[in-house]
Amino acid sequence: MVHVLREKHAFSSVNTVGRVRPQVDPDDPNAPLSPLLLMSDDPEHARRRAIVNRAFTPARIAAWEPRIREVAAAHVDRLRDLPDVDLVRDLAALLPVRVISLVLGVPQEDADRFRVWSEEITSAVGNHDADQARLAHVQAAFTGYLSDLLDRWDGTADAGVLSSIAAAERAGELTRLQCVSFVAELLIAGNITTTHHLASSMALLAGHDGLFARLQADPALVPAFVEESLRLESPIQGFFRLATRDAEVGGVPVPAGARVFVLYASANRDPRAWPDAPDLRLDRAGLAAHVAFGRGAHACIGASLARLESRVVLDVLLDRLASVELTVPAAELPYGPSFVNHGPTRLPVRLGFRGLPQQ
Ligand code: HEM
């Protein structure tokens with residue numbers, strides 16, 4: 001599987017959904033947004049990735065930790081006042097877009113507007129029933145808002161990823177439409193994935209006997225838990241490639257032109273790589289060697305951010321809570337219909353806060 005991800009010339013990321021995209025007029029404000037990284041090959045892919053890479057290095061992302069901790073703590077503290085808590089609706093679905101807007105450099109007073117656009121754009125992805133008129137309206141508002149931010153960029157300030165994108169536009173490397181597409185891609189790619197990962201890890205935390213107490217007693221185990229939950233639950237189950245020439249994968253012939261669905265989730269439970277693969281074990285050797293973030297040229301650019309966010313949320317929950325219990329059996333948690341995105345869509349829980357009687 002890793003072979004397919006590494007062989008970027010034999011297995012293309014372009015046109016992997018089997019649709020040839022129409023030529024887009026870069027000056028048309030209603031032109032469809034399309035991902036700049038996920039569905040491109042070199043040389044465009046490498047050139048575009050270099051524009052934003054710098055903002056996503058582990059060191060740059062680590063610098064966001066104090067702000068992310070503040071935002072996470074404020075969200076967790078709000079849970080105290082709710083009559084009933086669904087950790088997806090009330091936490092996992094809210095946090096990622098707040099964090100991405102921070103890292104992008106969107107003014108925080110606009111974060112709620114940004115969240116609404118992000119939800120609308122994200123929910124239209126892969127949804128044949130999406131209301132196209134509504135989507136065009138949302139896209140126009142989103143494009144207008146971002147255009148305004150890009151116009152106001154002062155040419156020097158390092159206000160997050162948007163600065164890098166604005167600089168590339170001024171240098172003639174990106175059109176305005178590509179700038180907006182870039183931001184939309186980062187929002188979409190980083191939103192539902194992180195929501196699902198937060199939800200899956202909290203479901204494990206609440207549903208796995210003794211895990212909460214073990215992590216609370218030894219918070220240094222949290223990073224290992226983040227990796228194991230990524231491996232076990234693979235928020236992106238798989239993604240497509242297109243064979244550009246005849247090839248063979250694991251002894252199976254793959255003819256040129258075939259679409260290949262690369263299943264990260266399956267590799268992450270391969271018993272040859274992971275003894276007792278279905279079991280959550282925090283003492284595995286090489287815990288981070290899973291492929292939940294892919295591999296090779298298209299490996300997730302947001303991996304450091306996603307890991308940091310999960311770790312911080314878990315730290316805050318372990319610090320604030322005395323207990324967390326599912327109010328439905330773990331086997332009855334609902335999941336969405338997608339074969340790509342995976343995570344619980346509801347997580348009803350009973351929370352006990354430290355220093356307060358249980359809810
Ligand atoms: C737990 C959360 C996340 C998971 C599981 C995840 C998973 C993945 C995977 C598997 C890929 C590789 C796709 C391929 O092989 O073609 C990918 C690519 C990507 N991810 Fe993530 N991701 C997560 C969070 C994020 C975040 C927070 C961001 C941005 C802020 C992000 C942005 C992207 C982008 C832009 C790509 C395309 C990279 C490229 O094609 O060069 N992701 N992600």
Side-chain angles (χ1 to χ4, degrees), residues 1-8 11-17 34-42 44-53 55-57 60-61 64 68 92 95-106 118 122 125 160-162 164-165 181-202 226-227 229-242 259-268 288 290-314 340-343:
M1 192 212 80
V2 169
H3 164 79
V4 173
L5 297 177
R6 290 213 188 278
E7 289 292 318
K8 58 184 179 182
F11 296 97
S12 165
S13 288
V14 174
N15 199 21
T16 43
V17 288
S34 69
L36 259 62
L37 297 180
L38 200 61
M39 293 187 189
S40 65
D41 287 340
D42 287 348
E44 284 84 8
H45 176 261
R47 185 178 64 73
R48 292 168 180 171
R49 190 152 166 150
I51 293 170
V52 286
N53 244 345
F56 284 100
T57 58
R60 288 291 289 266
I61 291 301
W64 287 105
I68 294 176
L95 213 54
V97 68
R98 286 301 298 266
V99 169
I100 296 173
S101 51
L102 262 183
V103 172
L104 283 170
V106 172
S118 158
T122 306
V125 175
V161 182
L162 263 176
S164 311
I165 292 176
S181 288
F182 222 148
V183 175
E185 176 175 14
L186 291 166
L187 262 183
I188 292 167
N191 201 358
I192 191 72
T193 47
T194 314
T195 292
H196 279 153
H197 180 234
L198 292 173
S200 294
S201 52
M202 292 189 294
V226 169
E227 299 307 328
S229 57
L230 283 163
R231 180 186 71 80
L232 281 169
E233 298 300 325
S234 301
I236 296 196
Q237 297 272 292
F239 211 69
F240 293 102
R241 293 291 187 273
L242 192 77
R259 252 195 298 164
V260 178
F261 190 60
V262 187
L263 265 162
Y264 317 114
S266 170
N268 280 342
H290 60 75
V291 284
F293 291 117
R295 277 288 164 79
H298 290 271
C300 181
I301 199 168
S304 296
L305 181 59
R307 286 182 158 119
L308 173 63
E309 197 170 335
S310 300
R311 180 170 62 70
V312 165
V313 170
L314 290 163
V340 173
N341 292 309
H342 167 81

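Read the numbers this way: they start at 1 and go in the same order the structure lists the ligands and their atoms.
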What's the shortest distance from [atom] to any protein heavy atom, and which residue and atom give it?
atom: atom 24 (C) of ligand 1; result: T193 OG1, 3.5 Å
atom: atom 2 (C) of ligand 1; result: A306 CB, 3.6 Å
atom: atom 11 (C) of ligand 1; result: F293 O, 3.9 Å
atom: atom 33 (C) of ligand 1; result: A189 CB, 3.5 Å
atom: atom 30 (C) of ligand 1; result: F56 CE2, 3.8 Å
atom: atom 35 (C) of ligand 1; result: I301 CG2, 3.7 Å

Part of [X] with heavy atoms under 4.0 Å of ligand 1, whether side chain, backbone, both or neither:
X: F239; answer: side chain
X: P235; answer: side chain
X: R241; answer: side chain
X: H298; answer: both

Quick one: [atom1] on [X] to [atom2] on [Y], what's the gap to the nearest 0.5 Å?
X: R6; Y: H298; atom1: CZ; atom2: NE2; answer: 13.0 Å
X: S200; Y: L232; atom1: OG; atom2: CG; answer: 9.5 Å
X: C300; Y: I236; atom1: SG; atom2: CD1; answer: 7.0 Å

- request: Give the ring-plane orientation class for F240 versus F261, where under 30° counts as parallel, over 60° as perpendicular and anything between as tilted.
  value: tilted

Between the main-chain N or O of [Y] and the side-chain N or O of [X], is there a donor-acceptor pair closer than 3.5 Å?
X: S266; Y: L263; result: no
X: R48; Y: L36; result: yes
X: E309; Y: T194; result: no
X: T195; Y: A92; result: yes

field: Interfacing atoms of ligand 1 (cut-off 4.0 Å, heavy-atom, G294)
entry: 10 (C)

query: With a cut-off of 4.0 Å, which atoms of ligand 1 are near a heavy atom of L38?
result: 13 (C), 16 (O), 37 (C), 40 (O)

Between the candidates [options], which shows the shortest non-hydrogen contact distance to [atom]?
atom: atom 25 (C) of ligand 1; options: A265, C300, S40; answer: C300
atom: atom 1 (C) of ligand 1; options: H197, E233, R48; answer: H197
atom: atom 29 (C) of ligand 1; options: L186, I100, I61; answer: L186
atom: atom 39 (C) of ligand 1; options: H196, H45, Q237; answer: H45
atom: atom 27 (C) of ligand 1; options: G190, G343, P35; answer: G190

task: Test H45 against S13 for side-chain hydrogen bond (donor to acceptor under 3.5 Å, both in side chains), laying out the working first.
output: CA-CA 10 Å; H45 176 261; S13 288; over 6 Å; no

query: Would E227 and H290 satisfy side-chain hydrogen bond (donor to acceptor under 3.5 Å, both in side chains), going step by step from the backbone distance to the final call?
result: CA-CA 8 Å; E227 299 307 328; H290 60 75; 2.6 Å; yes

task: Please test Y264 against F239 for side-chain contact (heavy atoms from CB on, under 4.5 Å), starting from the C-alpha separation and ending with a verdict.
output: CA-CA 8 Å; Y264 317 114; F239 211 69; 3.3 Å; yes

field: ligand 1 N/O within reach of Y264 N/O, cut-off under 3.5 Å
entry: yes

Check: R49 N/O within less than 3.5 Å of ligand 1 N/O: yes

field: Heavy-atom closest pair, residues V99 and L305
entry: CG1-CD1, 3.8 Å

message: Please determine whether any non-hydrogen atom of A292 lies less than 4.0 Å from an atom of ligand 1.
response: yes

